[in-house]
Amino acid sequence: MIKRFLLLYLAIGFIGCNSLFAQRSLHKIEITGDVAVTELVEKHIEFNDRLKTCPGYRIQIASLSGNNAKSNAFALRDNFLREHPDMTAYITFDEPNFRVKIGDFKTRLDAYIYLQYIKSNYPGVIMRDNVYPIRLDLDTLIPETDEDAMY
């Protein structure tokens, strides 16, 4: 019995020493790869620096399918933009539906408030939990003077 414990103790000690020596023998790790991968990563970083977006919310005012769904979706979007020129509107196609979505809301609360404002005119309006990349207007985010800043 004592021989087994002694043998186990020596085996664990030997494995531990080998791993210790293996760690000490590694001085420098050099990773070589394709230059195209590095260029692709640099282009991705540059693209993200130019595209100023953040996560945001949109309201779906209609989901249309059928023979004239595409033309009806574009007509609905155009009518909405005429009534609300300060708002943005998007049309997406998720087969077989054309969906008309509006807004670039920074928070879910902003989207919900606007939904309450328009729901009497658009009975099929819903707000989904989908988060979309919305464009930021950096001029409105950075106050020019202390009086413009919101506290």
Side-chain angles (χ1 to χ4, degrees), residues 11-12 14-151:
I12 291 173
F14 183 73
I15 292 171
C17 289
N18 282 342
S19 64
L20 182 64
F21 290 131
Q23 289 176 358
R24 286 186 181 176
S25 66
L26 297 175
H27 295 289
K28 185 178 178 182
I29 297 175
E30 185 176 324
I31 300 173
T32 57
D34 193 2
V35 177
V37 173
T38 305
E39 291 174 358
L40 185 62
V41 169
E42 289 172 359
K43 286 182 181 179
H44 180 72
I45 291 170
E46 179 185 330
F47 176 77
N48 285 338
D49 285 341
R50 281 188 281 127
L51 185 64
K52 303 297 181 192
T53 63
C54 73
Y57 296 88
R58 292 196 179 130
I59 298 170
Q60 178 179 306
I61 60 172
S63 178
L64 306 168
S65 63
N67 292 339
N68 297 324
K70 183 177 181 180
S71 59
N72 290 342
F74 279 94
L76 179 63
R77 181 199 63 179
D78 294 341
N79 288 337
F80 179 83
L81 289 175
R82 268 193 295 279
E83 294 173 8
H84 308 273
D86 56 330
M87 190 58 59
T88 55
Y90 305 91
I91 296 177
T92 59
F93 179 67
D94 297 324
E95 193 173 347
N97 298 320
F98 285 91
R99 299 173 194 252
V100 182
K101 298 177 184 176
I102 59 159
D104 284 329
F105 300 101
K106 294 177 188 149
T107 65
R108 184 175 173 81
L109 180 62
D110 291 340
Y112 182 76
I113 291 169
Y114 200 81
L115 181 139
Q116 296 303 317
Y117 173 68
I118 65 166
K119 76 177 183 180
S120 61
N121 295 336
Y122 300 93
V125 66
I126 61 171
M127 187 173 61
R128 297 187 177 224
D129 287 335
N130 299 342
V131 178
Y132 302 93
I134 62 170
R135 285 184 168 60
L136 293 175
D137 184 9
L138 296 178
D139 295 333
T140 61
L141 293 178
I142 302 171
E144 293 180 13
T145 65
D146 290 338
E147 296 168 358
D148 295 337
M150 294 178 64
Y151 295 103

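Across all non-hydrogen atoms, the minimal contact from M87 to Y114 is CE-CZ, 3.4 Å. Nearest heavy-atom pair, A111 versus I59, reported as atom, atom and distance to 0.1 Å: O-CD1, 3.2 Å. Shown here for R82 and P85, the closest heavy-atom pair between the two residues is O-CD, 3.9 Å. Minimum heavy-atom separation, K70 to F98: CB-CZ, 3.6 Å.
For N68 and S71, the side-chain atoms include no donor-acceptor pair closer than 3.5 Å.
Note that the CG atom of L81 and the OG1 atom of T88 stand 8.0 Å from one another [nearest 0.5 Å]. Separation of atoms OH (Y57) and CG (L115) is listed at 14.0 Å; rounding is to 0.5 Å. Note: H84 NE2 to D86 CG = 8.5 Å, rounded to the nearest 0.5 Å.
Within 6.0 Å of CZ on F93 lie more than 12 heavy atoms contributed by other residues, nucleotides or ligands.
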Can you give the donor-acceptor pairs under 3.5 Å from side chains of residues 117-124 to other protein atoms, not counting sequence neighbours?
from : atom 1 : to   : atom 2 : distance (Å)
K119 : NZ     : Q116 : OE1    : 3.0
Y122 : OH     : E83  : OE1    : 3.1

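Counting only heavy atoms from C-beta outward, the side chains of K43 and V41 never approach each other to under 4.5 Å.
Partners of I113 under the side chain to side chain contact (heavy atoms under 4.5 Å, CB included) rule, at least two apart in sequence or in another chain, are L109.
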Handout entry: Steps toward side-chain contact (heavy atoms from CB on, under 4.5 Å) verdict (V100, F80)
Key = CA-CA 10 Å; V100 182; F80 179 83; over 6 Å; no

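Judged by distance alone, with hydrogens and angles left aside, the side-chain atoms of R58 form a donor-acceptor pair with the main-chain N or O of G103 at under 3.5 Å.
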